[in-house]
Every structure is written in C-alpha cells, then in structure tokens.
Amino acid sequence: MGEHSHTRTTTKRTEQSLVFAVNGERFELFQVDPSTTLLEFLRCQTSFKSLKLGCGEGGCGACVVLLSKYDPFLDKVEDFTVSSCLTLLCSVNGCSITTAEGIGNSKDGFHPIQERFSGFHASQCGYCTPGMCVSLYSALVNADKSDRPEPRPGFSKLTVPEAEKSIAGNLCRCTGYRPIVDACKTFATDVDMEDLGLNSFWRKGECDEVKLRRLPPYSHGNGTCVFPEFLKNKTKAGFNMESEACYWYSPVSLQQLQRLLQMDDENNETSRKIVVSNTGMGYYKELIRFNKYIDLRYIPELSIIKKDHTGIEIGAAVTISKAIETLKEANEPQFSQEGKLVFKKLADHMEKIASGFLRNSASIGGNLMMAQRKHFPSDIATILLSVDAMVDILTDQRHESIMLEEFLGRPPLDPKSVLLAIKIPCWRLSVDISSQGYTKLLFETYRAAPRPIGNALPYMNSAFLAEVSLSRAGIMLNHCRLTFGAYGTKHAIRARNVEEFLSAKFLNTSVLYEAIKILEITVVPEDGTSHPAYRLSLAIGFLFDFLYPLLENPSEISSFWSDGDNKALPFSDFKGKQDSNQLDQTKFSTLLSSAKQVVQLSEEYNPVGEPIKKVGATLQASGEAVYVDDIPSPSNCLHGAFIYSTEPLAWVKDIEFKPGSSLDGVIKLISSKDIPGENIGAQTMFGSEPLYADELTECAGQRIALVVADTQRNADMAANLAVIDYDKENLDPILSVEEAFERCSFFEVPSSLYPEQVGDFYKGMAEADHQIHSAEIKLGSQYYFYMETQAALAVPDEDNCMIVYSSSQCPELTHRTIAKCLGVPGHNVRVITRRVGGGFGGKAVKAMPVSTACALAAYKLQRPVRMYVNRQTDMIMAGGRHPMKITYSVGFKGNGKITALRLDILIDAGISVDISPLLPNHMFGSLRKYDWGALAFDIKVCKTNRPSRSSMRAPGEVQGSFIAEAIIENVASILSLDVDSVRSINLHKYESLELFFKNSAGEPLEYTLPSIWNKLGTSSSFYHRVEILKQFNRCNKWQKRGISRVPIVHEVTLKATPGKVSILYDGSIVVEVGGIELGQGLWTKVKQMTAYALSLIQCGGIDELLEKVRVIQTDTLSLIQGGSTSGSTTSESSCEAVRRCCDILVERLTAFKERLVEQMESIKWETLILQAYNSSVNLSAISLYVPDISSLSYLNYGAAVSEVEIDVLTGQTTILQTDIIYDCGQSLNPAVDLGQIEGAFVQGIGFFMLEEYPTNSKGLVTAEGTWTYKIPTVDTIPKQFNVEILNSGHHKHRVLSSKASGEPPLTLAVSVHCAIRAAIKEAREQLHSWGGDESSSTFKLEVPAIMPVVKELCGLDSVQRFLQWTIGS
C-alpha cells in the first residue's frame, strides 16, 4: 500500500513526535492522550475498521493486529500479534501495524488466507474473522521466516498443530471452529488433504494435485510482511511527550527512571502509571484517568537476558513469549541436563498462560508485580517459586536481590519500587551420581483450568521439583519443592511442612497418604473463594499424580534408571505404562483429528442446493464488511453509556457522581423525565418494558439513565462513576421462582399458546410397574456472547425525523418502539440494519432499548448519538436464557417403557414479560421427542425482580431436551438398565407421533427419526465403541469414558415474511427481505433462490444470474412488516417471499420475451431486461409470504452420539468424538446448513459444559467478560466432529422441500452431558469399590457440568479413598 503521512498537531509543547505505520501508511502525531489505545485510534481516526472491540480485555482476539518492530543492530524485523484494545498508542513508536485490510482487501486483492476462510465456510457473522485471519497471518509470517526445510509447493512451513493453535486465543460464537481450523490447516506443510472438510474449491474424491491447484495459491511472498523503509531510520529510543495536561516518558536508564519517580513524589503525583505492555488493564479495569505514563521498555537492565552456568536472568520488561523462547532454547553446554529439563517445562507451562497475542506483549515482571501487589492468580509466580527463583528490586537508591518467596510474601511494594529482573537457577543433582544407587531430578508443573491450552485463569496451579534416589531399599525422596497457587490465596505458597515430612523418606503408600493429610491442612482457600473443596482436591490430585507413579511400577523405573545416560530421561519417560499421568490436558498432538462431513447435493433447483460460499464472507475476512459501529461517526456525534441499578427493588432518590471525579466530555444525563412520548424501551406482542426506571427500579441491571459524552470512553467512565441514592424501606423483592410461586407473581400465558396435555396421566401411572415422585431439576441461565455487543447510531434528520442504524434482529419492532418513545408518527422514523455480528436471540427484544436510547438522546440534543455497549454492561443487562425449576413424577414399566409423566415447571422470566409466554409451548415441543404414554404439566411463567429473560437460540427447547434426557437417565438408573435401550424403547412410532404433535407430524414417510437412529448406530460404530469403552474403563483408574446417543424431535413454525425483487436496467438484481443476516447465511440462500426463480424465464445468460444478485440492507420504510428474524425459519420464509416476487416477474417477462423472440429468435438476459425497461414493463415485485395451515409448522429430526473422557483427578472433560445425522429435508445450501449444525451444537456444549452466568444475592450478574465467562474454544470442541446432512427427499409443504437448521441441532449437545454422566457413573462405581456407601448410579449432574461439578461427583476424596484401600488391601 502507498505511503501517506498523517500529521496532527495541537500541542503547545512537545519533545518528540510519535511516528508509526498502519498498513504501510505513515502516521505522525505530536500530541496524544497517553491513555488512548491503538484500537481507539485506528477505529476513530483512520479508515481501518477490521479490528473490533469484542471484550476490551484481550480475551477474545477480535481486535488482534500484527505489530512489527525493526532491530537496527540485528537488521531484523520481529513480527507478532497484539491485542490492540490493550496496547497503548504511545507504545508503538517506530512500529508498523498490519490489520486485516493490510493483509488483503477488495481493492488490492484478497490474501489466500481470506479466500480460504471464505471457501471453507469459516465465517458466519464475520465479526471475529478479521482477527482470526491476522492470527493465522502472523503464524505464517514467522514460520516462513524460520530456517526450517522448504515446504511442498503451495504450502507454508507451518505444521498442522501450529496452524490449529494459531487461532487458539480467538473466540468464535457462530461456526463451532471446525471449518476455521480446516482453513488454517490448508497452509500446513504436513497436512493430509483428505482431512480437510467441505469447501467450495473441490468436490469429494478429487486427487490432492487437483485440490491444491484449486486452492487460492500461496507462496512465500504471500507470507512476507514488508516493513516500511521510512521507519528503519527511526531511532530505537522510545516516545517522549510533555504537554500541559499529559505526559509520556520513556526513560533509557535507571537513573532517569528514579528522577521521574522522585519528581512525582515532590509534586505529590498520584495519577501516574508505570507500564510495559498495559495488558494488566484487561483484568484490573481503570476507573480513573492517569495523566502520566512511564514506559519501562527502553531501560537496558529491564530488557536484558543473561545466561551463564548458574542459570538464566530475564529482565522484568521481557515479554512472556520472549521468556518462553529463551527457556526453550536453553541448550548451552554449561547447562546441566536437569537444568534444561526444568527450563523446558517452565516454558511449556507458560505457553498455557493467557493467549499468544497477550503473551507477545505482557511482561514477565508485570505478571509478578500484579501477583505481589494485587494478588493476581499468577501461574508464573507458582512455577518459578518451585525452582527457587530470585528477583532483583530497586527501591529509591537501594538495590536488593531476594528470593521470590520473600518477594511475594512482603506487603504490596511501594509505588516507587521497580522489579528489575528474575533469576532462574540452573538445577543440578546435589547427590554424587557416582555413589551407590541412582539419583534423578524430577520436575512437573500442573494447571487445572476451564480451557486446556490457555486463555483461562486456573482453579489451581502447582509445580513440584524433587530429587529422588533409587536403591535396593526403595525410592528415597532426598528433597523437594512443592508449590501451589491460584486456589484462593493471596499468593503462591510453598508447602514447607509437606516438604519437610517427605524429605529423606523412602516413598511408600503410607508415606504418600500421610503427606496428603498434611497437605489438607496446608492448602486452605480464603473465605469467599469459589469451589474451595474442589481446589483442595486438585492440590491432592496433583501431588498424587507426581509421586504415585514412583510407587506403582518400581521394576519399570529400575530398568529405565539402568539404561545408559538415564539422567537425560524426563519424568514422563519412566512413569511407564501406568495410567495416572493424564493431567496434561494437551496430550493430543493435534487439537482436532480428521472429521467427516457427508452431504447429499441436489441440482433440481440449481443453484439452490449448491454449497456455495456465504455472501460477503471474503469481505468479512478482510474486515471491509460494515457493522453498525463501523459506520463513520457523523460530525458532532456524541456517545452514550447506561447507568443501571445495582438494587433489585428500590426507589431512586438521586443520581450523583463520585466526589472529586473528573467528568471529562460529559454533555448530559438523560432519564425518564426527558421522554416526550411513552416511557417504552422494548415491546413484544405480550407487552412492553420501560426505557428507564421512573422512580422505582425493579431489578438489578435495569436502566436508570444515559450518560451522553463526547467519546464512548468518556461516557463509559462517567457511567462507572455514577452513585445512585436508593430508598429500600418496606420493599421486598422477589428473587427466586419459589418466592414468586408463594406470592403468586406470574405472567399470563394466553390460552392459545398454552400446550395441550396428552393422554390420561392417572391411567398411565396406574399401568406403571415403577414410579418416581417429585424429582427435581434446576437449570440456570446462559449469556448470548455475541461477538458484537449491542450497538446503535441515531442521526436526526430534517422535518423532525430520525434515522437509526441498529444491530437488531427486529428492526420493525425497534421502529415502532422509537416512534412511541419520541411521540412521533411511524413515518418519521427509519431503522436500517445491514448485518448483525451475532444475535442468537439477544439482538431481538434486547437490542430495542439501545436504539431507542440513542434516538431519544439524539432527539433531545439534536446531534447524532451512538452507543457500543461495553461487554460488562451488556452481560449485566442481557438477561439471557430462562432459568427454571422442574419437579416431575414418572411411571414406567420394568423394561423402561414410560407410561406417564407429569411436570411442574417454574420459569424465571424476570421483571418484564418479553417473549416469556412462548416458553411453555417451546418446551413442550422439545419434551415431546419421546412417547411418554401420557403427558401432564403445569407450567408457570414467574415474574421476579431480576433482569427480564429473552429468547436465546432454541429458547425452551434446549431445556426441554435436557429435561427429557434427565428423566430417561433416571429411569434407566432406577432399573439398572442400559440407558440407550430405554431411549430406544421410548422413541415414537408414527401413531404416537401423531398423538403428541397432531398437525405438525406430517406424512408417515416424513418421520425419519427411526431410520436416522439406526443409521447413526451403524455409521458411528456405536455398539462396537461401547465395548471398547468398557475395556478402557476396566484398565484405567484415573480416566473414565462415557458414550451417549440421543435423538431430537424439534417443532418449528414459519412466520409471515416480506420480500421485494427489483431488476435494474443492466440486468443486475436487487433484493430486499424482512429477514436479517446474522451469520446464518440468509442472504446466501435468498440469493440462490432469486437466481433459481428468475432462471425459469429461460433465456441466454441465466447461468450467470447468481453473480448478478445483490441482497441489500433492511430499511423499515422501504420494506414493511419485516417481523423478527428468529425461530430458525426466517431464511426459508424469506426465500419463499422472494420466490413469489420472482414468479410475478417471470410471468411479466415471459409474455414480453415471447413477443421479442418473434423478432430476435434468441435473446440474452441483459437484452431482455433492457428492452423490458425501455418498454416500461414493471421490473419490481413485492410480496408478503403468509404460510397456510398446511405449512405453518413442521418437525425436524436428528440424532447425535458423543463420547467423552473425564479426568477423575481434576474433573476435566475431553470430548473425544461426536457424530451427528440431521435431516435438512432438501437443503437450500448444505454448506450453510452444515455450519449452522456445527455452530449450534458447539453453543450447546457451552450451555451443558462451560458457561456459568452467576449473580450476587441481589440478582446482579457477577460474571465479568472473558475472564469469568467461558464459551467454547477450539480446544474444547469434539476432537473428531462428524456430521451427515440427510436429504430426506420431497416435502410438498416445505420451501423447495427444505428444513430448518439454525436451532434444533443445539439441543443435540445434551449428548455430551449424558456421556459425561455415563463416565461419572463409572468413576463412582470404582469409588464405591474402594469403600463408601454412596450410590454409584443415582446422582444429579448439574448444568453446566463444569470441572468442579464433575470432580465432586467422581469423589473429592478419591485419592485418599484409593490410598486407604491400597493400604488396607
């Protein structure tokens, strides 16, 4: 890209300009607010919008850029990714930044990465895609710069594991990751092309040579990042800036640093921040402004790396990535074998900390300083503590070198104190190895976290170093270091009393048991720590895993020891074939193994049915696709941030701001008093909710006011400084469904929506051989975690009109709400939505208040107002999935056939009605997947003082599916029957299907579930794997596997949907539909349908119609009655609306064509259209598709088999394999539907395994962004993920025989939960055999089945029980 200079200067006094490059363009700045991040600058002051604000914490990867630095001494460029949301702009002096647009774009040509992402269907909503592409690009650049052997032509030097891990820190909520990983693997030199999944480049069965030829070509030139020449002359010194208001200093010596700190003391300076990378801001949010920043990176003593025979010294400003590289490459001859082993394992552990783009900038010293000053749960502190690391500290003029243990144990260091360096000693054997017996140094590190390969804080981390000797008398532990951290303690500790007990003792089971008893009173989490007993059990499990293998196979250890140079053997080498060392969660060489996608293509309605790539996917990959927050701000634009209640029920007396706080840029506070029309923020067919609380706030998280300021950051900071004065006297909030039930606090469910009961419950119970009464199930909530949070931009227009750009699934309802709130006619409001960066139901009702608040503020101030809700606020206000309490009674025969089921369900709807009255019907639809004989229920929708719950992908259905499986599991456990046989015997026959589903059942041939069930049993080798699994569980104490097969029957309903098709004079086609593109491929299917339907004209050039179609954004004044994009059926409804428009146009044009053909014989499309245009033929058609009773609702069928492995010591679950068969009817686009199936399933994994959405006692959400809310990542999805899309033929009442795919597959993820339950059952049977009276088969497995839950059911004391059993036997 060309070089352009952008110069900005307004400062009165500067020392130096800030010079850097972005995608080759030169930027020079003379004054900068030092708190400005690189993300803020690029998004607000340049045209580059590919980097997105997903979390503001460095936890999602949406804002990743490539940062390049030139080293003039080595004449070398260093390229690495960083989180631009945390990187301060002043820190990039002399650097070159590359964004997704700089990698490739529509003007200069797309990069093969972007084209392959598009062709492998690896982008859905697209919000995360630019960050993914930059992460992969960085991996390619660095691999191709390496001195590895030249790769095969067309490939890079990347390996498959490197390609997979390149995007390990990036989050995606849409795709399920599998296609993203496949796109990455296409660049790996060792990839097996057969392992790559469905794509638009080749068809199954073609040879590797053809496949490679059809891929967008890649060569080393593609992977080279060119560093601008104009920056090479830039001095290596850091940036320095002084002005009246702010300062940025980059001292180049300790003396300069000390003078700066001394100067601050003399001036009583408190608003100072010492920085290296600023990544700590992602965890410790800044609530105040700093006006002075001191950058430590240019002080030589802090950036040095020294190696000698005593060890490695690493400067405190050295990045974690550089420290890892240093430790891995520690091969100097002066280092002992033991020392090298320790260095390597330290590096391996550090690679599991955070993510690559954080490690690339975060410093090792910064991590330790957060641990020391703020009690950050540091892994680095724990593992370095175990190897007797030392630290150098400078305080005033005093320099001291102390042990890390003392450093951590001191009170928080004085602000003037600076950590200079960390010294890691090189370990050697202390015993003369020539003496009798064999001596070895053992070193292991441990970590238990929700995500195996990083990007998650640990529940516990540990590191153990021990010197052991083998003699005829046994194995003696000469000495050891045992450290534990992150378990709810101020800092990592050494378990010295355990160390002292073990030292100089011969190891045996009794000694190990006694050591664990001492450990139990040593590792004590502080009050308030979550899962304290679990964390203690981890400490015990880790120590057991470290020492027990030495006891289990002494003969094998002896043989290993006697083999030659045994000192070089790592610990894992002589653990032998025993099964306990499975705590390394990264034991798989690759994250994903090969996966199969089986699709059946149909050319009957070509191009409908073709797996073409998603419309706009390449633009999404380059970052050129425009989302609401990417729209350039109009002049004088203001920004809003909500002030919300922290009390569940209270009178709001006043809103003030913290005394002494600086309210920079604040323009106005807007509340309910400023509303000219109705106080309405959202509405549905059931009712509305207020935009702002009037005088009474009715839930924690309710909107009270809007701060309007000149920037989003100023608005957010002001909102955080708000202090609300409450009066709670005589107010008693309802915070549970039990309280709501007692106080009869319910929302009414219209009788037309309340499901009908099936059969005679009492008769069914009388026929039963066995009965279960009043069993309980509780289900929690789930947050949407769309990558793009709520966003809107409101622009006042002439004549009292308002244009609102909204990230909304329901622009029409948003339009109505805004008009009511402003008190203006509907024609004065226009709502425009182009695309949404993920919705899942959360951008339907919950998006309305954001747009309405912006519109109200813009209306009052007569200036544009926009808002991008920060992640924490979004999580607090989102509501999410409906929690509920279920009580059931069930009767069943001895063979497992259920005869009657009654359910009493209390649904927590929150404070406003939203769509909650739909939940009973949705739940009932999913519950009916089994033949219950008779089904009775009482479902109450409870009104509580919690944020209103809303629709979330498969609302009610996912809960219903789980309830059904939990009942089946309970019945099987009571009868001691195989649960799969109980499922099979309760599957519907067509007669019972008709009874339960009435009008939705369709024809007998449409009921494909029995054939899917049997086919999946064969294709997944289900029965064979069950036998293998039994053998595995017999042979392994500390890993257990489970497998489960589950069905779904999922009812969906179509809605009225509008469409409009216009043919322009040149033959190009413009399409408008009511449905919104959320990433689900709606535009793609509509485009295919348009091309097919217009091709029926039968003229020349119709084969090229697909490329002539453009689907445009939704505009509520252009196309009315758009409804909502929800319920999985909007794509097909939009397609049908468009087909009907095309039928009208075909009818008009066919008659016109016949007259032309008489004159011209053959005619091309362009000629036909031009002639029709000139002859005033109406080339625009609009329709409203209203489904009739025969096509209003139908059933979807599918089944899944999932196999998992649980670690009994930690509760970690690995999904080994998932096989899905899903009936898509005749798919409109198999690639799109495959993406929907995989993405929905993985989102379901989040609900059932990972995602906790906790609140405090007042109902205020306590989960804070990516640090505490864990959606699935590439390392938590099935290792092997096989999906078959069944083409079940013609369905005359469907849209071209198609079926929905957006939501039903999510409910199949319950198969993972059931498989975990099966594995736990095996662990409990084993535990029971070691002594105890707990039931091994009857137990409740919570949702989500997080690690502490799984471990608790496997036995928090399983190690102690095993050791006692061993001693006793």
Sequence neighbours excluded, the answer for side-chain contact (heavy atoms from CB on, under 4.5 Å) partners of L592 is E164, V181, I1277

Restricting to side-chain contact (heavy atoms from CB on, under 4.5 Å), what partner residues turn up for L1005, sequence neighbours left out?
none

Validation row: I898, I968 side chains within 4.5 angstrom (heavy atoms)
yes

Qualifying residues under ring-ring contact (aromatic ring centres under 6.0 Å, His included), relative to [X], sequence neighbours excluded:
X     : result
Y127  : Y627
Y1194 : none
W202  : F120
Y1092 : Y605

Mind telling me whether Y990 and Y1007 have parallel, tilted or perpendicular rings, with 30° and 60° as the class edges?
tilted

Measure up the Y784 and Y786 rings against each other and bin them: parallel (under 30°), tilted (30 to 60°), perpendicular (over 60°).
parallel

Could you tell me whether a side-chain N or O of [X] sits under 3.5 Å from a main-chain N or O of [Y], the two making a donor and an acceptor?
X     : Y     : answer
R173  : G838  : no
R881  : R953  : yes
R1025 : S1020 : yes

Charged N-O contact under 4.0 Å between [X] and [Y]:
X     : Y     : answer
R203  : E610  : yes
R1041 : E1205 : yes
E194  : K204  : no
D1223 : K1299 : yes

Rounded to the nearest 0.5 Å, how far apart are CG of N1196 and CG of L1009?
11.5 Å

Distance-only polar pair, side chains of [X] and [Y], donor-acceptor under 3.5 Å:
X     : Y     : answer
S1298 : Q1226 : no
E957  : T1307 : no
H121  : S118  : no
S1202 : T1218 : yes
Q620  : S123  : yes
N1282 : D1219 : yes
T1214 : K1279 : no
N1229 : T1084 : no

Salt bridge (Lys or Arg N to Asp or Glu O under 4.0 Å) partners of [X], counting only residues at least two apart:
X     : answer
K1087 : none
E991  : none
K998  : none
E1077 : K614

Provide the closest heavy-atom pair for S1126 versus S1124 in the form atom of the first, atom of the second, distance.
OG-OG, 3.1 Å

From the list V160, D1275, T1273, T1276, side-chain contact (heavy atoms from CB on, under 4.5 Å) partner of L591 resolves to D1275

Inter- and intrachain pairs under salt bridge (Lys or Arg N to Asp or Glu O under 4.0 Å), touching residues 1224-1235, at least two apart
K1085-D1233

All pairs passing salt bridge (Lys or Arg N to Asp or Glu O under 4.0 Å) where residues 1007-1016 contributes a residue, at least two apart
K1015-E1284

Kindly indicate, with the supporting measurements, whether the criterion side chain to side chain contact (heavy atoms under 4.5 Å, CB included) is fulfilled by L1195 and R928.
CA-CA 11 Å; L1195 302 180; R928 289 178 290 172; over 6 Å; no

Ring centres under 6.0 angstrom apart (Y1222, Y1197)
no

